[in-house]
Amino acid sequence: MILYPAIDLKDGNAVRLYKGEMEKATVFNDNPAAQALEFVEAGCEWLHLVDLNGAFAGEPVNAAPVEEILKQCKVPAQLGGGIRDMATIERWLERGLARVILGTVAVENPDLVREAAKAFPGQVAVGIDARKGMVATKGWAEETDVTATDLARSFEDAGVAAIIYTDINRDGAMQGPNIEETAALANAVSIPVIASGGVSSIADLQALKDCGAPLNGAISGRALYDGAIDLAEALKVMKA
C-alpha cells in the first residue's frame, strides 16, 4: 500500500481542516513546497495535494504553490480541488502533475470524467467525499442524494486510475478512518481505492491493510504534521 501525505492548500499555506470546515483551518506550514520536500526526503513516493480554495471557487486558486511543489519534488503528485473542465485537466498534466482528482464534476458532469480518463489513461482519479455514505460536492458544502458506492460503480468501465474515498466526518478529526465503509466500497468495485479521512495512527494504517479489501493506499495529513504518526514507521508498515 502507498502512503500519500496530504498537503491541503488554503491561501497559499499548507493547512488542515476539521471535518471539512474552511473556518476551522490550522496552518501547519507557510511554505508548502518545503513541506512537500520534507515528505519526499523522508521516503514518501507520492504526494496528495488539495486546492481547498479551488474546491469552493470551481477553478484553480493555489496554482503557484502547486507549481513550486512540482518543480522541487521529483515524485508523482495528485491534485484535487477546482478541476472542472478539460482545459484545466490538460494544463495540470502538461505542468507535470501525475494525476488529477475529479470530485464535484464526477457528480455533475460524469461524461467529462469518462472523456478525460480516455484521453489521459492512468492520470484521472475520482474523488468521492461522503457524509454518512452520501456524496457531498463543492468543497463538501453541498450534499447530494447519490451514494458513494453507486457513484463509484458508475465509473467501472470508464478507465479511471483510482477512487479517493473520504469520510468527511472523520477528516482532520483524529478519530480513525471509517474502515467498514472504505472496505465495502473497495470490495464493490474493481477500481483501486485510496482511503482518506481520519487516518491518525500506525494502528489505523495496519487496520486498513488488514481490512479484507484490496486498498491501493491511504492518505494522512494532520497526524503526520502533529507527529501522531511517525513517518518512517508508517512507510515500513505500508510496505510490509
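Computed over heavy atoms, backbone and side chain alike; hydrogens, waters and symmetry mates excluded. These numbers were taken from a predicted model, which means no experiment stands behind them.
- A donor and an acceptor atom, one from each side chain of Ser196 and Thr166, are located under 3.5 Å apart.
- The closest side-chain heavy-atom distance from Leu9 to Asn53 is not below 4.5 Å.
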Step by step, work out the salt bridge (Lys or Arg N to Asp or Glu O under 4.0 Å) result for Arg170 and Glu181.
CA-CA 12 Å; Arg170 304 293 183 106; Glu181 282 196 21; over 6 Å; no

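- Here the shortest heavy-atom pairing between Leu151 and Ala106 reads CD1-O, 3.6 Å.
- The cluster map of Ile, Leu, Val, Met, Phe, Trp and Tyr, joined by side-chain heavy atoms under 4.5 Å apart, puts Ile168 and Ile163 in different clusters.
- Criterion: ILVMFWY side-chain heavy atoms under 4.5 Å apart, direct or through other members. Under it, Phe155 and Tyr165 are part of a common hydrophobic cluster.
- Summarising the geometry, atom CG belonging to Leu215 is positioned 11.0 Å from atom CG belonging to Leu205; distances are rounded to the nearest 0.5 Å.
- Residues Trp46 and Leu208 are members of separate hydrophobic clusters, defined by side-chain heavy-atom contacts under 4.5 angstrom among Ile, Leu, Val, Met, Phe, Trp and Tyr.
- For Lys132, the NZ atom is loosely surrounded, since the number of other residues' heavy atoms within 6.0 Å does not exceed 12.
- Nearest approach of Asp204 to Ser200, heavy atoms of both residues: OD2-N, 2.8 Å.
- A donor-acceptor pair is defined here as one N or O able to donate and one able to accept, closer than 3.5 Å; no such pair exists between the side chain of Asp150 and the backbone of Val146.
- Side chains of Gln35 and Ile69 form no contact here, defined as non-hydrogen atoms less than 4.5 Å apart.
- Considering only heavy atoms from C-beta on, His48 comes within 4.5 Å of Val50 through its side chain.
- Under a hydrophobic-cluster definition in which Ile, Leu, Val, Met, Phe, Trp and Tyr are linked whenever side-chain heavy atoms come within less than 4.5 Å, directly or via other members, Leu79 and Val61 are assigned to different clusters.
- Taking OG1 of Thr182 as the start and CD1 of Ile194 as the end, the distance is 12.0 Å to the nearest 0.5 Å.
- Heavy atoms only, all atoms of each residue included: Ala161 and Gln123 are closest at CB-N, 4.4 Å.
- Contact check for Thr88 versus Glu59: no side-chain heavy atoms found under the 4.5 Å cut-off.
- To the nearest 0.5 Å, atoms CG (Leu112) and OG1 (Thr104) are separated by 12.0 Å.
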Hey, mind stepping through Lys24 and Lys19 against side chain to side chain contact (heavy atoms under 4.5 Å, CB included) and telling me if it holds?
CA-CA 8 Å; Lys24 293 185 180 175; Lys19 296 187 179 180; over 6 Å; no

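- Comment: Glu68 engages Lys71 in a salt bridge, judged by a side-chain N to carboxylate O separation of less than 4.0 angstrom.
- The distance from the CG atom of Leu47 to the CG atom of Leu37 is 9.5 Å, given to the nearest 0.5 Å.
- Considering only heavy atoms from C-beta on, Tyr4 stays 4.5 Å or farther from Met238 through its side chain.
- Residue Ile101 holds its CD1 atom at 12.0 Å from CD1 of Ile89, rounded to the nearest 0.5 Å.
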I would like to know whether Glu67 and Trp92 meet side chain to side chain contact (heavy atoms under 4.5 Å, CB included); could you show each step before the answer?
CA-CA 9 Å; Glu67 285 173 14; Trp92 275 126; 4.0 Å; yes

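- Cluster membership for Val40 and Leu49, using ILVMFWY side-chain heavy atoms within less than 4.5 angstrom, is shared.
- Between Leu17 and Ala25, the closest heavy-atom pair is CD2-CB, 3.5 Å.
- A distance-only check finds a donor-acceptor pair linking the side chain of Asp85 to the backbone of Ala87 [under 3.5 Å].
- Panel note: side chain Asn62, backbone Gly12; a donor-acceptor pair is recorded below 3.5 Å.
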Audit row: Ile219, Val199, side chain to side chain contact (heavy atoms under 4.5 Å, CB included) steps and yes/no
CA-CA 7 Å; Ile219 293 165; Val199 177; over 6 Å; no

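- Arg84 approaches Gly58 most closely through the heavy-atom pair NH1-CA, 3.2 Å.
- For Gln78 against Ile164, the heavy-atom pair with the smallest separation is NE2-CD1, 3.8 Å.
- In this structure, the side chains of Leu231 and Leu3 come closer than 4.5 Å at one or more pairs of heavy atoms.
- Put simply, the side chain of Lys209 never gets that close to the backbone of Met1: no donor and acceptor are under 3.5 Å apart.
- Looking only at side-chain heavy atoms (C-beta outward), Ile7 and Phe39 come within less than 4.5 Å of each other.
- A donor-acceptor pair is defined here as one N or O able to donate and one able to accept, closer than 3.5 Å; no such pair exists between the side chain of Gln175 and the backbone of Gly198.
- Below 30°, between 30° and 60°, or above 60°: for Phe28 and Tyr225 the angle between ring planes is below 30°, a parallel geometry.
- In this structure, CZ in Arg131 is found 6.0 Å from CG in Asn169, a value given to the nearest 0.5 Å.
- Proximity of Tyr18 to Glu23: side-chain heavy atoms (C-beta onward) are nowhere separated by under 4.5 Å.
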